[in-house]
Amino acid sequence: MFFLRMIFRSFSRQFKRRLLIAVTVCLSATVSVAMLGVVFDVGDKLNAELSTYGSNIIVQPKADAVVNDLYNTGGDADSSASGTSESDPTTFLKESDVPKIKTIFWAFNITNFAPELNIHADVNCASESADSSSCKASGVPIVGTWFAKTLHMDSGESTVAGMNGMRSWWKLDGSWPKDDSAQGLIGTTLASKLGVATGDTVTLYKTTADGSRNKQQITITGIYDSGDSDNNAMYIPSSTAQVLANLPDSIDKIEVKALTTPDNDLARKASKNPNALTQDEWETWYCTAYPSSIAYQIEEVIPGSVAKQVRQVAALQGDVLQKTQAVMVLMTVLSLVAAAIAVANLMAASIGERGSELALLKAIGATDGAVSRLMLAETAVISLVGAIVGALLGSCVAQIVGHVVFGSGITMRPMVFVLVFVLLTLTVLIASFSSIRSILGLKPAEVLHGR
């Protein structure tokens with residue numbers, strides 16, 4: 001009861017100073033909870049944000065991947081995912097195997113995927129009887145793909161996959177084509193060259209491997225601007241491209257967009273040779289959403305395939321994540337340091353003002369430990385109130401940051417609050433001890449006599 005009465009009297013006499021301590025701790029708690037809350041949740045948010053700018057895993061036929069590795073040709077997974085080679089592919093994967101991607105362990109991390117059949121064809125936008133060559137082009141890159149194909153899985157679930165979600169950064173004038181139709185998209189450069197507009201019909205001519213000359217009329221539903229060399233191409237449904245090239249159920253590439261965990265030493269070791277991992281390392285790697293782990297699992301379900309991560313995208317995700325986390329951790333540390341300095345100064349000033357009161361306590365028999373515990377109890381109560389209010393405010397600030405920056409809320413993990421309260425406790429204790437040491441030097445006789 002004695003200590004409770006002293007705490008109440010201290011509050012009434014030095015309310016402003018105690019309020020400043022509470023506000024200081026509150027601000028530090030707010031910054032710490034907000035920053036650490038974002039730090040612990042920013043990985044998935046950044047991956048989701050960056051994944052809107054293209055695929056981060058490319059699946060190719062094994063033969064093509066071996067040739068690319070040996071001769072460093074243009075089909076490398078590090079090159080642009082939308083790039084097309086100058087010649088038609090000679091090795092293929094089966095389009096019917098593509099839905100198996102959604103059966104791997106990390107199926108829910110696969111946010112989208114689209115197969116591609118990259119061929120070349122002659123384009124004629126004039127009538128067949130016309131002799132004019134102003135509306136013709138030879139060797140035009142044609143990409144047969146899915147746009148928004150609905151897949152019905154054996155598990156009873158359905159998913160939609162295709163370029164509609166893979167190319168979210170495209171500027172599209174018109175609408176997306178329908179799958180399994182005679183519709184298509186044309187790039188702005190090619191459209192300008194041919195003088196084609198949305199709604200026009202062009203005719204594609206393709207000489208197949210057996211020497212026959214196939215043709216297919218395509219209605220242009222939209223003109224896209226990709227911002228790169230892909231503007232010279234046309235995108236049509238994969239089934240239509242397969243008929244044109246006489247390559248049934250054939251594709252030569254699969255673009256996969258997946259939410260992944262940035263690489264670390266274990267992931268880099270596994271990407272070189274998974275067989276070199278120990279049993280524990282294997283289980284950790286296989287059960288973590290590393291790009292190399294997801295790629296490995298895709299290879300397991302797609303026969304004759306090699307899946308590789310687009311290393312520029314993976315490196316960008318890792319670098320941005322590390323730098324973002326470093327900035328937020330630095331802000332947390334600075335807020336704690338500022339709180340420690342402020343609390344230490346406020347307590348030192350409080351002890352200086354209350355010198356006669358503390359000396360009187362010592363004069364009537366209170367030990368240095370009892371007086372120190374009194375000061376710590378006061379500071380602890382004030383800091384606890386400030387920390388609780390700050391934690392609530394920090395949660396709100398984290399949500400604001402999440403919605404403004406990432407377009408979604410931040411998941412506040414319990415460990416964030418535990419960590420912040422531990423850090424604030426240590427900060428307040430360090431700041432208090434540096435000030436309370438002066439209590440040990442108080443001599444009641446000198447202080448009470450005004451010396």
Side-chain angles (χ1 to χ4, degrees), residues 54-55 57-101 113-123 137-147 149 161-163 166-167 179-180 184-187 190 204-216 218 226 228-257 295 298-299 301-310:
S55 57
I57 296 176
I58 300 296
V59 186
Q60 300 173 278
K62 187 174 294 184
D64 278 354
V66 171
V67 172
N68 292 336
D69 290 340
L70 286 176
Y71 300 102
N72 194 27
T73 57
D76 188 3
D78 285 339
S79 62
S80 173
S82 62
T84 54
S85 61
E86 296 180 357
S87 59
D88 286 356
T90 56
T91 57
F92 304 94
L93 300 172
K94 291 184 178 181
E95 183 183 32
S96 55
D97 288 332
V98 176
K100 295 178 181 178
I101 290 176
F113 54 95
E116 294 182 14
L117 176 60
N118 293 279
I119 59 176
H120 294 78
D122 299 332
V123 181
S138 301
V140 174
I142 307 295
V143 183
T145 187
W146 297 347
F147 295 101
K149 194 175 186 68
M163 287 294 173
M166 298 289 289
R167 297 290 190 267
D179 289 295
D180 302 319
L185 297 178
I186 187 170
L190 182 60
L204 305 182
Y205 296 91
K206 175 67 178 176
T207 302
T208 64
D210 60 7
S212 60
R213 181 79 168 173
N214 293 342
K215 72 175 183 178
Q216 175 68 55
I218 299 294
S226 65
D228 55 26
S229 59
D230 208 25
N231 283 337
N232 289 299
M234 282 185 61
Y235 281 74
I236 64 176
S238 59
S239 57
T240 304
Q242 289 164 4
V243 171
L244 179 65
N246 194 24
L247 294 170
D249 197 29
S250 298
I251 56 171
D252 65 294
K253 182 191 292 185
I254 309 172
E255 292 190 28
V256 180
K257 183 189 297 185
I298 291 175
E299 291 177 2
V301 298
I302 305 294
S305 69
V306 171
K308 296 183 178 181
Q309 60 176 304
V310 182

**Item:** Asp122 side chain to Leu204 backbone, donor-acceptor under 3.5 Å
**Value:** no
**Asked** So how far is it from Ile298 CD1 to Ile57 CD1, rounded to the nearest 0.5 Å?
**Response** 4.5 Å
**Prompt:** Does the side chain of Ile236 come within less than 4.5 Å of Ile142's, by heavy atoms?
**Reply:** yes
**Where Pro99 and Ser96 come nearest, the two heavy atoms and their spacing** = CD-O, 3.5 Å
**Fill in**
For Ala307 and Ala295, the nearest pair of non-hydrogen atoms, with its separation, is CB-O, 3.4 Å
**Asked** Is there side-chain contact between Glu255 and Ile58, with heavy atoms separated by less than 4.5 Å?
**Response** yes
**Item:** Main-chain N/O of Gly187 paired with Asn231 side-chain donor or acceptor, under 3.5 Å
**Value:** no
**Message:** Which residues pass the side chain to side chain contact (heavy atoms under 4.5 Å, CB included) test with Ser305, not counting sequence neighbours?
**Reply:** Val59, Leu93, Glu299, Ile302
**CG on Leu185 to CE on Met163, rounded to 0.5 Å** = 10.5 Å
**Item:** Heavy-atom closest contact (Met166 atom, Phe113 atom, distance)
**Value:** SD-N, 4.0 Å
**Prompt:** Between CG of Asp179 and CZ of Phe147, what distance do you get to the nearest 0.5 Å?
**Reply:** 7.0 Å
**Asked** Closest heavy-atom contact between Gly144 and Ala241?
**Response** CA-CB, 3.7 Å
**Message:** Please find the pair of heavy atoms, one from Leu190 and one from Ala137, that lie closest to each other, and give the distance.
**Reply:** CD1-CB, 4.5 Å
**Request:** Identify, with sequence neighbours excluded, every residue that meets side-chain hydrogen bond (donor to acceptor under 3.5 Å, both in side chains) alongside Asn232.
**Result:** none
**Prompt:** Of all residues at least two apart in sequence or in a different chain, which pass the salt bridge (Lys or Arg N to Asp or Glu O under 4.0 Å) check with Asp180?
**Reply:** Lys149
**Minimum heavy-atom distance between Ile251 and Pro115, given as atom pair plus value** = CD1-CB, 3.6 Å
**Item:** salt bridge (Lys or Arg N to Asp or Glu O under 4.0 Å): pairs with one or both residues in residues 89-99, sequence neighbours excluded
**Value:** Asp97-Lys100
**Message:** Determine whether Thr145 and Leu117 satisfy the following criterion, side chain to side chain contact (heavy atoms under 4.5 Å, CB included), listing intermediate values before the conclusion.
**Reply:** CA-CA 7 Å; Thr145 187; Leu117 176 60; over 6 Å; no
**Message:** Taking side chain to side chain contact (heavy atoms under 4.5 Å, CB included) as the definition, give me every residue that meets it alongside Gln216, ordered by chain and number, with sequence neighbours left out.
**Reply:** Ala182, Ile218, Thr240, Leu244
**Message:** Taking side-chain hydrogen bond (donor to acceptor under 3.5 Å, both in side chains) as the definition, give me every residue that meets it alongside Thr208, ordered by chain and number, with sequence neighbours left out.
**Reply:** Asp210, Ser212
**Item:** Lys206 (side chain) donor-acceptor with His120 (main chain) under 3.5 angstrom
**Value:** yes
**Prompt:** Between atom CD1 of Ile119 and atom OG of Ser250, what is the distance when rounded to the nearest 0.5 Å?
**Reply:** 11.0 Å
